[in-house]
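Written below as structure tokens is the structure these notes are about.
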Amino acid sequence: MESLLNLVQTVCDELKTNSGVASTSFIKKYPGVTKSAPLASPVVSVGIAGLEVGESQLGGADEKKARVKIELLVCIPFFGNSSECSRIMQKLFEYLLFSSTFDIAKCSFGDISAKRETGAYELKGIVELSTTLTKAVSANGN
């Protein structure tokens, strides 16, 4: 169980330490961490693309079952091979499906595009995971 605020960081941290994608940086999409332009090495941006909230757990007003869509944006510098986007995305999906701590319901990705602004090839993937979200508690207890 996690708060929505912590979920993206948890996904980022787990992929960074366990996915087997060497020399790839992982950043959170929000708040906007800027990628260097042009890119010097592969970067994966992790963010929330959507959320479906279900019923509360029994007796848990601060807990909700949810299906969260996590966006993974793989960015490869132009001096690399665009197919590296697919290779990294496939390794991330394989890790998430078979080795991660997450309950993965669905994975998908689209086509590779070239972005002149960042000097990179980009491939966006969506991972849907089922989880129980908890209410985030602020420093002042609210």
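We use all heavy atoms of the structure for the numbers below, so side chains are in, but hydrogens, waters and symmetry mates are not.
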Side-chain donor-acceptor contact under 3.5 Å, Asn6 with Ser3: yes
Would the number of heavy atoms belonging to other residues, nucleotides or ligands and lying under 6.0 Å from CD of Gln9 be above 12? yes
Side chains of Val8 and Ile48, heavy atoms from C-beta outward: is any pair under 4.5 Å? yes
Is the backbone N or O of Leu133 less than 3.5 Å from a side-chain atom of Thr131, with the two atoms forming a donor-acceptor pair by type? no
Find the distance between SG (Cys75) and NZ (Lys115) and round it off to the nearest 0.5 Å. 9.5 Å
How close do Gly54 and Lys64 get, counting heavy atoms only, and between which atoms? O-CD, 3.8 Å
Does the side chain of Pro42 come within less than 4.5 Å of Ile88's, by heavy atoms? yes
Let me confirm one number: the OG-NZ distance from Ser108 to Lys69, rounded to the nearest 0.5 Å. 8.0 Å
If you look only at pairs with a residue in residues 77-98, which of them pass as a ring pair (Phe, Tyr, Trp, His ring centres under 6.0 Å), with sequence neighbours excluded? Phe78-Tyr121, Phe93-Phe109
Could you tell me whether the side chain of Glu14 and the main chain of Thr101 form a donor-acceptor pair under 3.5 Å? yes
Would you kindly confirm whether Leu7 and Ile126 end up in one hydrophobic cluster when ILVMFWY residues are joined by side chain heavy atoms under 4.5 Å apart? no
Working to the nearest 0.5 Å, report the span between CG of Leu123 and OG of Ser83. 11.0 Å
With the threshold set at 4.0 Å, does a side-chain nitrogen-carboxylate oxygen contact exist between Arg67 and Glu52? no
Using side-chain heavy atoms (C-beta onward) and a distance below 4.5 Å, is Leu15 in contact with Leu96? yes
For Glu84 and Arg87, run salt bridge (charged side-chain N to carboxylate O under 4.0 Å, His left out): C-alpha distance rounded to whole Å, both residues' side-chain angles, the deciding distance at 0.1 Å, then the answer. CA-CA 5 Å; Glu84 186 69 4; Arg87 187 191 72 75; 2.6 Å; yes
Nearest heavy atoms of Ser41 and Pro77, plus distance in Å: N-CG, 3.7 Å
Ala49 and Glu71: which non-hydrogen atoms are nearest, and at how many Å? CB-CB, 4.0 Å
Side chain to side chain contact (heavy atoms under 4.5 Å, CB included) between Val74 and Leu92: does it pass, once the steps are laid out? CA-CA 10 Å; Val74 177; Leu92 295 176; 4.3 Å; yes
Quick one: does Ile76's side chain get under 4.5 Å of Leu39's, heavy atoms only? no
For a 4.5 angstrom cut-off between non-hydrogen side-chain atoms, does Ile27 reach Val46? no
First locate atom CZ of Phe26, then atom OG of Ser45, and finally report the distance between them rounded to the nearest 0.5 Å. 11.0 Å
Is there side-chain contact between Ile112 and Ser86, with at least one heavy-atom pair below 4.5 Å? yes
Nearest heavy atoms of Gly125 and Met89, plus distance in Å: N-CE, 3.4 Å
